[in-house]
Asks: 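So that we are looking at the same thing, I have put the structure below in structure tokens.
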Amino acid sequence: MVRSTTKDAQDLIRALWSAYSATPTNLKIIDHYVAFAVFTALIQVVYVALVGTFPFNSFLSGVLSCVGTAVLAVSLRIQLNKENKEFKDIAPERAFADFVLCNVVLHLVIMNFLG
């Protein structure tokens with residue numbers, strides 16, 4: 001029973017890896033950016049758990065900045081994906097401009113929240 005489950009898991013990982021290797025490079029770069037933003041948020045949460053929450057506004061600003069940036073990057077990835085038929089009318093330049101503008105607004109709000 002355990003061997004079957006392990007073999008199934010290995011087959012699943014191989015199938016996912018082979019499917020992901022066909023992903024275009026620009027989407028892989030966005031995936032790495034999202035992973036970095038989430039990793040940075042997790043590092044901040046671990047730091048606060050170990051050290052304390054004295055500048056709580058700073059902690060919230062940092063985590064919300066990372067999470068917000070990751071969400072906006074996922075939105076950009078969805079819009080740039082050629083297989084997604086919902087956003088086929090949106091040009092890649094427009095999607096990137098929306099991403100940049102939303103990031104500017106997000107970080108203006110974050111800077112205002114810092115005080």
Side-chain angles (χ1 to χ4, degrees):
M1 182 75 166
V2 174
R3 296 189 107 155
S4 173
T5 306
T6 304
K7 184 177 179 337
D8 291 342
Q10 288 174 349
D11 291 341
L12 176 66
I13 290 172
R14 282 190 200 105
L16 286 173
W17 186 258
S18 65
Y20 188 71
S21 64
T23 304
T25 306
N26 61 346
L27 297 181
K28 287 181 181 179
I29 291 171
I30 295 172
D31 291 342
H32 287 37
Y33 180 71
V34 169
F36 176 74
V38 170
F39 178 72
T40 304
L42 289 175
I43 292 294
Q44 291 177 11
V45 170
V46 168
Y47 176 81
V48 164
L50 293 176
V51 175
T53 62
F54 168 61
F56 194 65
N57 281 359
S58 298
F59 162 68
L60 283 180
S61 295
V63 170
L64 291 177
S65 174
C66 291
V67 171
T69 300
V71 168
L72 291 174
V74 168
S75 174
L76 176 66
R77 187 191 193 286
I78 290 170
Q79 291 179 13
L80 291 181
N81 192 355
K82 299 289 185 202
E83 295 176 7
N84 191 352
K85 303 299 181 201
E86 281 187 49
F87 298 102
K88 65 180 177 182
D89 297 334
I90 297 178
E93 293 83 11
R94 161 107 193 265
F96 186 71
D98 289 346
F99 171 74
V100 170
L101 180 66
C102 290
N103 261 310
V104 167
V105 171
L106 171 72
H107 287 91
L108 285 174
V109 169
I110 295 293
M111 292 300 281
N112 187 34
F113 185 70
L114 278 172

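Numbers here are sequence positions counted from 1. As the structure is a computational prediction, the values presented were derived from the model and not from experiment.
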Asks: What pairs of residues pass the salt bridge (charged side-chain N to carboxylate O under 4.0 Å, His left out) test when at least one of them lies in residues 88-112, not counting sequence neighbours?
Replies: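 Of all non-adjacent pairs touching residues 88-112, those that pass salt bridge (charged side-chain N to carboxylate O under 4.0 Å, His left out) are Arg94-Asp98.
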
Asks: Taking side-chain contact (heavy atoms from CB on, under 4.5 Å) as the definition, give me every residue that meets it alongside Val45, ordered by chain and number, with sequence neighbours left out.
Replies: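 side-chain contact (heavy atoms from CB on, under 4.5 Å) list for Val45, sorted by chain: Phe59, Val63.
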
Asks: Only counting residues at least two apart or in another chain, list the ones meeting side-chain contact (heavy atoms from CB on, under 4.5 Å) with Leu64.
Replies: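 Counting only residues at least two positions away or on another chain, Leu64 forms a side-chain contact (heavy atoms from CB on, under 4.5 Å) with Ile110.
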
Asks: I'd like to check the side-chain contact (heavy atoms from CB on, under 4.5 Å) partners of Gln10; sequence neighbours left out, ordered by chain and number.
Replies: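 With sequence neighbours excluded, Gln10 shows a side-chain contact (heavy atoms from CB on, under 4.5 Å) to Thr6, Arg14, given in chain and number order.
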
Asks: Just to verify, what does Ser61 make a side-chain hydrogen bond (donor to acceptor under 3.5 Å, both in side chains) with, not counting sequence neighbours?
Replies: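 Testing Ser61 for side-chain hydrogen bond (donor to acceptor under 3.5 Å, both in side chains), a comparison that skips the adjacent residues, returns none.
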
Asks: Any link between Phe113 and Val48 through a network of hydrophobic side chains (Ile, Leu, Val, Met, Phe, Trp, Tyr) touching at under 4.5 Å?
Replies: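 Yes, because Phe113 and Val48 connect within a single hydrophobic cluster, where side-chain heavy atoms sit under 4.5 Å apart.
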
Asks: Through direct or indirect side-chain contacts below 4.5 angstrom among Ile, Leu, Val, Met, Phe, Trp and Tyr, which residues connect to Val109?
Replies: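 Members besides Val109: none; it forms no cluster.
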
Asks: What residues join Ile13 in its hydrophobic cluster, counting side-chain heavy atom gaps under 4.5 Å, either direct or through other members?
Replies: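 None, because no other hydrophobic side chain comes under 4.5 Å of this residue.
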
Asks: What residues form a side-chain contact (heavy atoms from CB on, under 4.5 Å) with Ile78, not counting sequence neighbours?
Replies: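 Testing Ile78 for side-chain contact (heavy atoms from CB on, under 4.5 Å), a comparison that skips the adjacent residues, returns Val74, Asn84, Phe87.
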
Asks: Check ring pair (Phe, Tyr, Trp, His ring centres under 6.0 Å) between Phe99 and all other residues, then give those that pass, not counting sequence neighbours.
Replies: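 Here no residue qualifies.
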
Asks: Transitively linked via ILVMFWY side-chain contacts under 4.5 Å: Val100 with Leu76?
Replies: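 Same cluster: Val100 reaches Leu76 through Ile, Leu, Val, Met, Phe, Trp or Tyr contacts under 4.5 Å.
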
Asks: Between side-chain atoms of residues 20-41 and protein atoms elsewhere (two or more places apart, or another chain), which donor-acceptor pairs fall under 3.5 Å?
Replies:
| unit_1 | atom_1 | unit_2 | atom_2 | d |
| --- | --- | --- | --- | --- |
| Tyr20 | OH | Asp31 | OD2 | 2.7 |
| Ser21 | OG | Ser18 | O | 2.7 |
| Thr23 | OG1 | Tyr20 | O | 2.9 |
| Asp31 | OD1 | Arg77 | NE | 2.5 |
| Asp31 | OD2 | Arg77 | NE | 3.4 |
| Asp31 | OD2 | Arg77 | NH2 | 3.3 |
| His32 | ND1 | Lys28 | O | 2.9 |
| Thr40 | OG1 | Phe36 | O | 2.8 |

Asks: What are the two closest heavy atoms between Cys66 and Gln44, and how far apart are they?
Replies: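 Minimum heavy-atom separation between Cys66 and Gln44: SG-NE2, 3.9 Å.
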
Asks: Looking at residues at least two apart in the chain, or sitting in another chain, which of them share a ring pair (Phe, Tyr, Trp, His ring centres under 6.0 Å) with Phe54?
Replies: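 Here no residue qualifies.
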
Asks: Each residue besides Leu16 in its hydrophobic cluster should be listed here, by chain and number; the cluster joins Ile, Leu, Val, Met, Phe, Trp and Tyr at side-chain heavy-atom distances under 4.5 Å.
Replies: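 Result for Leu16 is Leu12.
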
